[in-house]
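Input: a single structure, listed below in structure tokens.
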2 protein chains.
Amino acid sequence: MKMTATQRRKVRREAILDAAEQVIAERGFHNTGIADIASHLGMGHGTFYRYFKNKADIANHVLERVITRIGETAQAEDPTAANSLEEYRQQSYRLVRRMLDLAEQHPQALALLHLQATAIDPRRMAQMMDTYALYIRALLQNGVDKQFLRGDLDVVVTAQLIVAMIFEGTRRVFPEKADRELAERWLQAGITMMFDGVGR
Amino acid sequence: MKMTATQRRKVRREAILDAAEQVIAERGFHNTGIADIASHLGMGHGTFYRYFKNKADIANHVLERVITRIGETAQAEDPTAANSLEEYRQQSYRLVRRMLDLAEQHPQALALLHLQATAIDPRRMAQMMDTYALYIRALLQNGVDKQFLRGDLDVVVTAQLIVAMIFEGTRRVFPEKADRELAERWLQAGITMMFDGVGR
DNA sequence: AGAAATAGAATGACATATCATTCCGTAATA
DNA sequence: TATTACGGAATGATATGTCATTCTATTTCT
């Protein structure tokens, strides 16, 4: 196949990012050497430095890529779409199911986020949670504005609570092999508690 | 002060654990050298090896100590005490408030748990969450048995959801300086969502 | 009691290992 | 041929864990 130099460069850079993501997810950030990433691609580790400045550089790029990918899935719903509690409930189902699907389909990305993100950059991890909470907050605020959610709802903190539940869900759904049945239980239990509470 | 040799040994061992907890919480597990712990106590780093086998050894002991301390606070309520929804709500308030107080009073222990535990031993961290979830599950089951919680409640998953919220709360309540006002908001919002749901 | 002996605790220089990063001779490409 | 890419040996920084030696407190002896 013919490729320009810049194309090839881009492809290889991407391949290095893929390899790094996999190796870091498997062995952990601090147990991963540059040589491990390179040998995973069958290339000399000196070559690595032609594509990334250093270890922190690639780790940050890997993390950023994972966060972006997850963020796209997480924020797929239009926050102002729902006009009733029932619509909102359906929207929530879709949103959470999408996240659990993501966890099942890309366990590696989620593993990296849950187990390595704080090692790579603890602030970035916290920032991602904040960003996601802001989005959930917009969803809640829409409900308060349209009066199908309680007016006295603390949208800021409640959004953070919901994010915490969703994230823990994505963590628990991929213990070795993804567990679809467990994912459905999480979805059901989460939405039920959120909308109906635990009382009878 | 007079002390037997064994007493002195115990005291110093404890001092090393204290120092290690602090230094690891501040600088992170992988950025902490044995020499850092030793110099924090003004002792030679060779001495360290008279008290702990190696770095993994002390890290595990530090983590275990933190988990034990937190576990004692977390499981202070009798799971079978509540006999009505209102009693259960009060019990939940106490339980969560205790956890948030803990986070405010021992930010270092919580920081270690949230930021370093996965670095030290990811399985132990997951196991601690499981243990705590089992306890919350017992609380929920009590409510189901006594019929003040909905009979179709998925107590296993709901317990995991609640644990996720509480833990995220303890994380968010100590950003640099503890924020008591924020803690109250978390408590309020968390209990409200759990018992009443978000709908109006 | 005071001096000498012993046990075990503390020390830090050092041997060893592990990487991240650099360097430079060779290969591929334009 | 000139330029750019590649590979892996070389380098240096850093950290761990060991050990011969020094120090200290307690016990034994005179």
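Keep in mind the model is a prediction, meaning the values are calculated, not measured. The figures that follow rest on heavy atoms only: side chains count, while hydrogens, waters and symmetry mates do not. Proteins get letters first, then strands, A, B, ... in listed order; numbering begins at 1 in each.
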Review point. Residues in salt bridge (Lys or Arg N to Asp or Glu O under 4.0 Å) with B:Asp78, at least two apart?
Key: none

Revision key, fill the gap. With sequence neighbours left out, the residues meeting salt bridge (Lys or Arg N to Asp or Glu O under 4.0 Å) with B:Glu14 are B:Arg65

Practice item. Report the distance from atom CZ of A:Arg9 to atom C1' of D:dA5, rounded to the nearest whole Å. Key: 9 Å

Study note, to complete from the structure: B:Ile58 atom CD1 is separated from D:dT16 atom C1', nearest whole Å, by 14 Å

Exercise for review: Just call it for A:Phe52: base, sugar-phosphate, or nothing, with non-hydrogen atoms closer than 4.0 Å on any strand.
Suggested key: nothing

Study note, to complete from the structure: Residues passing the salt bridge (Lys or Arg N to Asp or Glu O under 4.0 Å) test with A:Arg69, sequence neighbours excluded, are A:Glu21

Revision key, fill the gap. Taken in chain and number order and not counting sequence neighbours, the residues that satisfy salt bridge (Lys or Arg N to Asp or Glu O under 4.0 Å) with B:Arg180 are B:Asp101, B:Glu104, B:Glu184

**Study point:** Test: A:Arg12 and A:Asp18 ion pair at under 4.0 Å
**Key:** no

**Study point:** Side-chain heavy-atom pair B:Leu161, A:Trp186 within 4.5 angstrom cut-off
**Key:** yes

Exercise for review: Output every pair passing ring pair (Phe, Tyr, Trp, His ring centres under 6.0 Å) with a member in residues 69-88 of chain A, not counting sequence neighbours, ordered by first then second residue.
Suggested key: A:Tyr88-A:Phe148, A:Tyr88-A:Phe195

**Study point:** Touch class at under 4.0 angstrom, heavy-atom based, for A:Phe48 against every strand present
**Key:** nothing

Practice item. Could you name each residue pair satisfying salt bridge (Lys or Arg N to Asp or Glu O under 4.0 Å) that touches residues 29-52 of chain A, not counting sequence neighbours? Key: A:Arg27-A:Asp36

Check your understanding: Rounded to whole angstrom units, what separation is found between the CG atom of A:Asn54 and the P atom of C:dT21?
Key -> 5 Å

**Study point:** Verify same cluster id: A:Phe167, A:Leu110 (apolar side-chain graph, 4.5 Å)
**Key:** yes

Practice item. Could you state the atom-to-atom distance from NE2 of A:His30 to P of C:dA17 in whole Å? Key: 23 Å

Practice item. Provide the full list of ring pair (Phe, Tyr, Trp, His ring centres under 6.0 Å) pairs with a residue in residues 8-42 of chain A, sequence neighbours left out, each pair given once. Key: A:His30-B:His30

Check your understanding: Restricting to pairs with a member in residues 58-77 of chain B, which pass ring pair (Phe, Tyr, Trp, His ring centres under 6.0 Å), not counting sequence neighbours?
Key -> B:Phe52-B:His61

Review point. Whole-Å distance between D:dT14 C1' and B:Lys55 NZ?
Key: 11 Å

Practice item. Output yes when at least one side-chain N/O atom of B:Tyr51 is less than 4.0 Å from OP1 or OP2 of C:dA9, else no. Key: no

Could you run down the sub-3.5 Å N/O contacts of the protein with nucleotides 25-30 of chain C?
none

Practice item. Describe the nucleic acid contact of B:Thr6 in one word from base, sugar-phosphate, nothing, applying a heavy-atom distance below 4.0 Å. Key: nothing

Review point. Whole Å only: how far is the CG atom of B:Asp36 from the P atom of D:dT16?
Key: 8 Å

Revision key, fill the gap. Rounded to whole Å, the CD1-P distance (B:Ile34 to D:dT18) equals 11 Å

Practice item. Sequence neighbours left out, what pairs pass side-chain hydrogen bond (donor to acceptor under 3.5 Å, both in side chains) with at least one residue falling in residues 129-143 of chain B? Key: A:Arg172-B:Asp130, B:Gln141-B:Asp145, B:Asn142-B:Lys146

Heteroatom pairs (N/O) under 3.5 angstrom, protein to nucleotides 7-13 of chain D:
| from | atom 1 | to | atom 2 | distance (Å) |
| --- | --- | --- | --- | --- |
| D:dG7 | OP2 | A:Gly44 | N | 3.3 |
| D:dG7 | OP2 | A:Thr47 | OG1 | 3.0 |
| D:dG8 | N7 | A:Gly46 | N | 3.2 |
| D:dA9 | N6 | A:His45 | NE2 | 3.3 |

N/O contacts under 3.5 Å, protein versus nucleotides 6-8 of chain C?
none

Review point. Separation of A:Tyr49 atom OH from C:dC19 atom P, in whole Å?
Key: 12 Å

